[in-house]
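Remarks on the structure that follows.
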Amino acid sequence: MPLASRHLLGLEGMSKNDIQLILDTATSFREVLERPIKKVPTLQGKTIVNLFFESSTRTRTSFELAERRLSADVVNFSAESSSVRKGETLKDTARNIEMMKIDMVVMRHAAAGAAHFLSNVIGANIINAGDGAHEHPTQALLDMYTIREKFGKLEGLNVCIIGDIAHSRVALSNIYGLKTMGVTVSVCGPKTLIPKEIERLGVDVFYRVEDAIKVVDVLNVLRIQLERQNRPYFPSLREYRQYFGITRERLDKAERPITILHPGPVNRDVELSADVADSEHSLILQQVLNGVAVRMAVLYLLGTGK
Amino acid sequence: MRILLKNARVIDPSYGKDSIVDLLIVDGVIEKLGSNISAPKDIETYDLTSNIVAPGFIDMHVHLREPGFEYKETIESGCLAAAAGGFTAVGCMPNTNPPIDDAGIVRSIIERSKNVIGGIVDVYPIAAVTKGREGKELAPMMELAEAGAVGFTDDGAPVEHAEMMRRALEYASMMNKPVIQHAEEVSLTRGGVMNEGFVSTTLGMPPMPPVAEDLIVARDIHLVEYTKAQYHVAHISTAGAVELVRAAKFRGLPVTCEVTPHHFVLTDEAVRSFDTNTKMNPPLRSNDDVDAMKEGLRDGTIDVIATDHAPHSFDDKEVEFAYAPFGIVGLETAVGLAMTELVETKILSIINLIEKFSVNPRKILHLPAIRIEKGEKANLTILDPSLDWTVDTRQFKSKSKNSPFDGRRLRGKAVGIINNGVAYFSK
Ligand SMILES: [Zn+2]
């Protein structure tokens with residue numbers, strides 16, 4: 001059974017079967033990555049463009065690696081420095097892509113809904129690599145893959161996403177995906193960074209890290225930025241670290257070991273203390289490795305229609 | 001011009017008239033009104049059986065875009081759209097380029113409108129409150145009023161500062177003109193693209209909280225109480241603001257408000273499509289807000305239905321949601337939407353509807369009252385309340401087609417207007 005959609009725009013509405021299929025497919029690609037020759041001919045002859053309107057070296061590199069390991073032809077298009085008005089750029093770029101007969105587009109864009117927009121104007125398969133604060137589906141898939149790898153399952157686990165939920169595409173995609181897979185999900189952060197009515201997505205909300213730590217198996221720690229258009233979301237990084245930072249001391253109070261995820265790059269000793277980031281409970285490096293496998297799985301499933 | 005309208009249901013709320021009669025209009029004046037008027041020779045006769053003849057409708061919130069944005073709309077295309085939508089008059093907003101903050105621009109807009117279908121649509125400029133709509137200095141309001149401006153607003157943006165608003169209210173009240181506010185506390189909506197709520201959360205869209213509207217309406221009502229000046233809330237959209245206006249009216253303050261069809265028909269759920277024709281300011285709100293609009297219309301808190309007709313070209317709107325300009329066209333769908341969503345559903349009677357499209361806005365702008373009586377000037381809108389039709393934006397007379405209602409089935413339509421000695425039928 002192929003995936004229900006020919007695009008990966010988000011995890012909202014994606015079925016359990018489809019998520020399962022991607023994660024299972026990623027498992028076999030994970031094995032490929034352990035081989036001496038890490039390349040398979042699956043997408044030979046396909047052309048993929050990585051269209052990044054926002055810089056994200058990590059995500060772009062991960063996609064590019066996944067594409068090359070599947071033997072696809074890769075074109076990188078970075079438009080962050082473009083001086084033209086952003087809307088025109090995307091529309092004009094889309095037209096150019098049509099002319100160049102590109103098979104798949106991986107796009108990172110600052111505006112929510114940009115991937116939907118692109119999927120409406122061109123025929124290629126679209127993979128959303130992050131649209132504003134909306135979705136970042138491959139990040140959530142690799143987070144789920146990493147959790148499943150560690151615990152052998154997803155259903156019945158308890159995951160808390162902590163940090164700037166309001167401006168995070170990672171949080172939303174994780175919520176949609178994890179809920180579908182039967183995980184109990186909560187969010188934690190200063191009230192100013194928790195978007196309105198998020199409880200209606202079926203998540204618990206914590207304003208104190210201590211309360212979250214009591215119940216969770218996994219903490220997915222988001223990167224925090226103080227300078228959000230100079231708006232008064234919280235007083236200082238110092239205060240954030242003091243009350244929301246994940247430290248060894250806080251984790252030691254939990255009754256069971258808590259697994260730590262972080263989409264990177266980590267602000268060491270802000271949202272996550274260095275000793276926690278480097279501890280045996282941190283899966284941050286596995287996430288990077290699994291990211292390539294998960295992206296190979298998505299590219300394979302969409303690119304071959306299998 | 002000699003026109004005979006046969007068997008029309010004539011409704012004139014100004015003197016409680018509601019009866020089926022014939023109307024003979026000669027040179028723009030109602031010469032006869034009665035049953036069985038026989039047709040003199042060479043006269044255009046229209047059988048209006050089952051149609052309604054009402055005092056001419058006005059849309060007091062229209063962006064005609066000229067001067068400055070003629071690729072979106074012109075005075076000509078905007079007036080044609082108004083005529084097609086059943087409006088014999090429009091109030092046009094000052095956020096043109098240059099803005100309507102100069103008497104010369106007021107006069108030229110009025111002048112230019114007189115060339116469109118023989119001047120069938122009266123264009124009433126609503127001038128800027130502040131020079132350049134920049135919120136820093138008052139525009140020459142007396143001069144603007146003398147040139148023909150019927151009210152003042154910085155619409156497109158609010159009058160942000162309390163002192164500016166206070167002085168604008170006081171100054172405009174000398175000329176007996178309303179100040180019309182686009183109520184938005186911009187420090188709360190900065191960067192926002194849609195209503196704040198569950199939908200914005202699930203779409204990850206930068207939000208515009210409804211309290212931003214409530215705050216400015218509340219502040220302004222306090223200023224009205226203090227100055228006793230006339231104040232009108234443009235495109236009201238939140239339950240909170242409707243409640244504030246209701247309370248102000250209860251206290252007898254000269255406060256009125258208007259609602260757009262999209263704010264009583266659509267909710268922010270429509271944004272899930274990422275269709276940029278669901279992006280407007282104020283944004284589409286929640287279901288509770290839509291209910292409050294209907295209740296406000298029903299109980300009379302909301303005086304007027306106005307469209308906030310905001311034409312944008314296809315290219316302007318064919319972009320990512322965040323980068324699209326706010327606004328949709330409304331002139332050619334307003335009457336149909338109101339008849340379908342308010343009259344068919346019995347929220348408003350047809351008489352209420354006529355009040356909100358004609359009687360009330362004319363009162364607010366202090367325009368001469370229309371009376372459908374012998375010897376009076378014929379300023380009429382003709383409605384077919386049982387006409388089923390489908391919105392087709394390609395048929396719009398407006399230069400712009402940015403409507404979320406394309407393809408929508410409606411019941412009831414304005415099928416013609418008569419004004420200034422000219423008739424226009426669109427059926
Ligand atoms: Zn406005």
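In the text below, chain A, chain B and the rest are named by the order of the sequence lines, each starting its count at 1.
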Original post:
Between the main-chain N or O of B:Arg190 and the side-chain N or O of A:Arg231, is there a donor-acceptor pair closer than 3.5 Å?
Top reply: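 Yes, because the side chain of A:Arg231 sits within donor-acceptor range (under 3.5 Å) of the backbone of B:Arg190.
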Original post:
For the ring pair A:His134 and B:Phe274, is the centre-to-centre distance below 6.0 Å?
Top reply: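 Yes.
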**OP:** Grab the two heavy atoms, one from A:Ala112 and one from B:Phe321, that are nearest each other, plus how far apart they are.
**Re:**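 Looking at all heavy atoms of both residues, the closest pair is O-CB, 4.3 Å.
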Subject >> Heavy-atom closest pair, residues A:Phe117 and B:Glu318 >> reply: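 Closest heavy-atom pair between A:Phe117 and B:Glu318: CZ-O, 3.4 Å.
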Subject >> Under 4.5 Å from any heavy atom of chain B - which part of A:Glu135 >> reply: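 Contact with chain B: none, neither part.
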**OP:** Could you tell me which portion of B:Thr202 (side chain, backbone, both or neither) has an atom closer than 4.5 angstrom to a non-hydrogen atom of chain A?
**Re:**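 Backbone plus side chain of B:Thr202, per the 4.5 Å heavy-atom cut-off to chain A.
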Original post:
Atom CG of B:Leu203 and atom CG of A:Leu172: how far apart are they, to the nearest 0.5 Å?
Top reply: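 Reported to 0.5 Å precision, the distance equals 8.5 Å.
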Original post:
Looking at A:Ala171, A:Gly10, A:Gly113, A:Gly132, which makes the most heavy-atom pairs under 4.5 Å with chain B?
Top reply: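 Top count of heavy-atom pairs under 4.5 Å with chain B: A:Gly113.
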**OP:** May I ask you to check whether over 12 heavy atoms, not counting those of B:Lys397, lie within 6.0 Å of atom NZ?
**Re:**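 Atom NZ in B:Lys397 is not packed in, count stays at 12 or less.
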Could you pull out every donor-acceptor pair under 3.5 Å between side chains of residues 182-201 of chain A and any protein atom, sequence neighbours left out?
unit_1: A:Thr192; atom_1: OG1; unit_2: A:Tyr233; atom_2: O; d: 2.4
unit_1: A:Glu197; atom_1: OE1; unit_2: A:Arg200; atom_2: NH1; d: 2.7

